[in-house]
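Heavy-atom basis, side chains included; hydrogens, waters and symmetry copies ignored. Proteins come first, then strands; the chains are lettered A, B, ... in the order of their sequence lines, and each starts at number 1.
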Number of protein chains: 2
Amino acid sequence: MNQSIPVRQTSSLTKSSCQHCSLSNLCLPLALDSDDMNRLDEVVNRDRIFNRGERVFTQSEPFRSCFAVKSGAIKTSVITEAGDEQITGFFMPGELVGLDSMGDGIHASTAKALERTSVCEIPVEQLEHLVQTLPGLQHHMFHLMSQEIRNSQQLSVLLSKNTAEERIAALLLSLSSRFQRRRLSPTHFNLPMARNDIANFLGLAVETVSRVFTRFQNQGLIRAKGRDIELIELEALQAMAIGNSQT
Amino acid sequence: MNQSIPVRQTSSLTKSSCQHCSLSNLCLPLALDSDDMNRLDEVVNRDRIFNRGERVFTQSEPFRSCFAVKSGAIKTSVITEAGDEQITGFFMPGELVGLDSMGDGIHASTAKALERTSVCEIPVEQLEHLVQTLPGLQHHMFHLMSQEIRNSQQLSVLLSKNTAEERIAALLLSLSSRFQRRRLSPTHFNLPMARNDIANFLGLAVETVSRVFTRFQNQGLIRAKGRDIELIELEALQAMAIGNSQT
DNA sequence: AACCCTACTTGATGTAGATCAAGAGACACC
DNA sequence: GGTGTCTCTTGATCTACATCAAGTAGGGTT
């Protein structure tokens, strides 16, 4: 029943490392030169695999590690006092999950794999030590955390100011640019999450999300077949995401 | 009338310092012993005063400093691509403003004084140096920044899941507990912000905010005369803020 | 193939809160 | 004291989206 985590053999020959990771230009190593990267390498638990739906960590349990997504995708959510779930973010390869609990002993959210996902686990205690001696890494951590604040602010703006169409256009474009960062097609990709997740994240009902998708399709803005999405009219979507049509 | 804030004379004898600041148990010094506090003292520009409406910093200008509120209150906001303002937070004495731009060269938001406000300016370059040598301070910075993420997540939850009444109850209670932290009355205080600001922050129309205030008043939950607020039925407000009445 | 189960879509109706419109205080400035 | 400018309140109407209610694919299991 419990998530099985295959423990990777670390043979001295094929040992994977930040140095050779294709995501090193997006991830933590971004801030480091090759010597420092080795020191990071030493503290990272590589290749932890989670299947679809499995939890990477759970809200209100002790916070011991951050996780960098290597492949797949993760959603984070919080359980409200009223007992329902609110998705707070989607995390794609190269992105760091768990920053909302840094400096705190307890996880503020739950992270679940949206599909088969591999992550690098970074124990916080060791990360904090490392940061202490690597100014570049410290700066980068601040950068990532402030970005997380800004992302969340952006979500608030979206929720309080934008229509259903604008929210969905914005999400599609956000995903698009994140695929592009990884040198994948920005116009043709697979949604890692269900309509339900999109609805929850954007503060909408599933039915509304579904309707907007078909409306976009009828308008020729996108082509959508289940989770397979093609963005046809990027500019139109961008205009829509900006919103506030009267301006 | 605006509350008058006596401007502290800084004679060489009575020089104000983190050591003697009444907010030291809420603010950055929280993490420091007395030696380290002196080092923080050296980099802080104390007693910068802003009048109501004045900007402490402005979105998209270079980011050089964080600010700790000493007295008064500050709102931060972002300008959306559509051109309208979204308030992202209110900051009370003892709270740190500007964390959403740490590790970034540019301010992500604008901060304005809501009333006559005094702040301590903390230049980031020196703060980052200091953090490098004080592990406790580093941990505390992580803590503050992650808290900022969580605050923003909380706002998202409020915006996507809660009714107008629930949002306003939650805001009143948040202010209440922040007054309490400072050993002020948690049940009788002055709102530092206008109805308009509340509406904007909570994603509502001013009219709705006004209506909810009078409804709360009629139900005997609060007494409100302009910005003067008295919370009468704390428990009822808490129940309301939790929301989701059917559960 | 027949089954189930979940994800998704489509349609009909209801409602919280926006918007429009118009006062009513509160405060500053001459 | 009057007059303009805000801020706040109250009422009437309108609308985007939720909710309720039925389907209709997919995708796995037997």
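- Using a 4.0 Å cut-off between charged side-chain N and carboxylate O, B/R178 and B/E95 make a salt bridge.
- The interatomic distance linking B/L159 (CG) with D/dA18 (C1') rounds to 17 Å, in whole Å.
- Here the P atom of nucleotide C/dA7 and the CG atom of A/L114 are 12 Å apart, to the nearest Å.
- DNA chain C is contacted by no residue of residues 214-221 of chain B, taking any non-hydrogen atom closer than 4.0 Å.
- Of all the heavy atoms in B/S101 and A/R150, the pair that sits closest is CA-NH1, 4.0 Å.
- When the ring pair (Phe, Tyr, Trp, His ring centres under 6.0 Å) test is applied to B/F189, the partners found at least two apart in sequence or on another chain are B/F179.
- Within residues 169-176 of chain B, no residue approaches DNA chain C, by heavy-atom distance under 4.0 Å.
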I'd like a list of close polar pairs between nucleotides 5-8 of chain D and the protein, N/O only, cut-off under 3.5 Å.
unit_1: D/dC8; atom_1: OP1; unit_2: B/R195; atom_2: N; d: 3.4
unit_1: D/dC8; atom_1: OP2; unit_2: B/R195; atom_2: N; d: 2.9

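- Residue pairs satisfying the side-chain hydrogen bond (donor to acceptor under 3.5 Å, both in side chains) criterion with at least one member in residues 187-206 of chain A, sequence neighbours excluded, are listed as follows: A/K75-A/D197, A/S185-A/T187, A/H188-A/D228.
- Computed from coordinates, the A/L204 CG to D/dT15 C1' distance equals 16 Å when rounded to whole Å.
- The CD-P distance, from A/E165 to D/dA18, rounds to 13 Å in whole Å.
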Below 3.5 Å is the cut-off: list the nitrogen or oxygen pairs between protein and nucleotides 20-22 of chain C, distance only.
unit_1: C/dC20; atom_1: N4; unit_2: B/E207; atom_2: OE2; d: 3.0

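- Put simply, the side chain of B/L237 reaches to within 4.5 Å of the side chain of B/I222, judged on heavy atoms.
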Stepwise side-chain contact (heavy atoms from CB on, under 4.5 Å) test for A/R167 and A/F201: CA-CA 10 Å; A/R167 295 181 208 184; A/F201 179 63; over 6 Å; no
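- By the 4.0 Å N-to-carboxylate-O rule, A/R52 lies too far from A/E115 to be salt-bridged with it.
- Residues in residues 232-243 of chain B take part in no side-chain hydrogen bond (donor to acceptor under 3.5 Å, both in side chains) pair, two or more places apart or across chains.
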side-chain contact (heavy atoms from CB on, under 4.5 Å) between B/I87 and B/S77, worked out: CA-CA 4 Å; B/I87 296 177; B/S77 58; 4.3 Å; yes
Step-by-step side-chain contact (heavy atoms from CB on, under 4.5 Å) determination, B/Q86 to A/Q153: CA-CA 9 Å; B/Q86 166 76 31; A/Q153 287 176 351; over 6 Å; no
Enumerate donor-acceptor pairs with a distance under 3.5 Å from any side-chain N or O in residues 106-114 of chain A to protein atoms, sequence neighbours excluded.
unit_1: A/S109; atom_1: OG; unit_2: A/D100; atom_2: OD2; d: 2.8
unit_1: A/T110; atom_1: OG1; unit_2: A/Q59; atom_2: N; d: 2.9

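- For the pair B/L158 and B/A170, the tightest heavy-atom approach, listed with the atom from each and the gap, is CD1-CB, 3.9 Å.
- For the pair A/S71 and A/P93, the tightest heavy-atom approach, listed with the atom from each and the gap, is CA-CG, 3.8 Å.
- For the pair A/N162 CG and D/dC17 C1', the computed distance is 15 Å after rounding to whole Å.
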Quick one: which protein N/O atoms are closer than 3.5 Å to N/O atoms of nucleotides 25-27 of chain D? Pair and distance per line, please.
unit_1: D/dG26; atom_1: OP1; unit_2: A/K225; atom_2: NZ; d: 2.8

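- A straight line from CG of A/N51 to P of D/dG28 spans 14 Å, rounded to a whole angstrom.
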In residues 206-215 of chain B, what donor-acceptor pairs under 3.5 Å come from side-chain atoms, sequence neighbours left out?
unit_1: B/T214; atom_1: OG1; unit_2: B/R211; atom_2: O; d: 2.8
unit_1: B/R215; atom_1: NH1; unit_2: B/E165; atom_2: OE2; d: 2.6

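- Summarising the geometry of B/V119 relative to B/I74, their closest heavy-atom pair is CG1-CD1, 3.8 Å, with the distance given to 0.1 Å.
- Nucleotide C/dG17 holds its C1' atom 18 Å from the NZ atom of B/K161, rounded to whole Å.
- Evaluation of the salt bridge (charged side-chain N to carboxylate O under 4.0 Å, His left out) rule for A/R223 yields A/E230 as partners, not counting sequence neighbours.
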Derivation of the side-chain contact (heavy atoms from CB on, under 4.5 Å) call for B/C66 and B/V97: CA-CA 6 Å; B/C66 283; B/V97 191; over 6 Å; no
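- Across the helix from C/dA1-D/dT30 to C/dC30-D/dG1, the helix axis at one end is tilted relative to the axis at the other end by 40° (nearest 10 degrees, each axis from five pairs).
- A/Q217 places a side-chain N or O within donor-acceptor distance of the main-chain N or O of A/A224, the cut-off being under 3.5 Å.
- Residue B/A205 is classed as a base contact, given a heavy-atom separation below 4.0 Å to a base.
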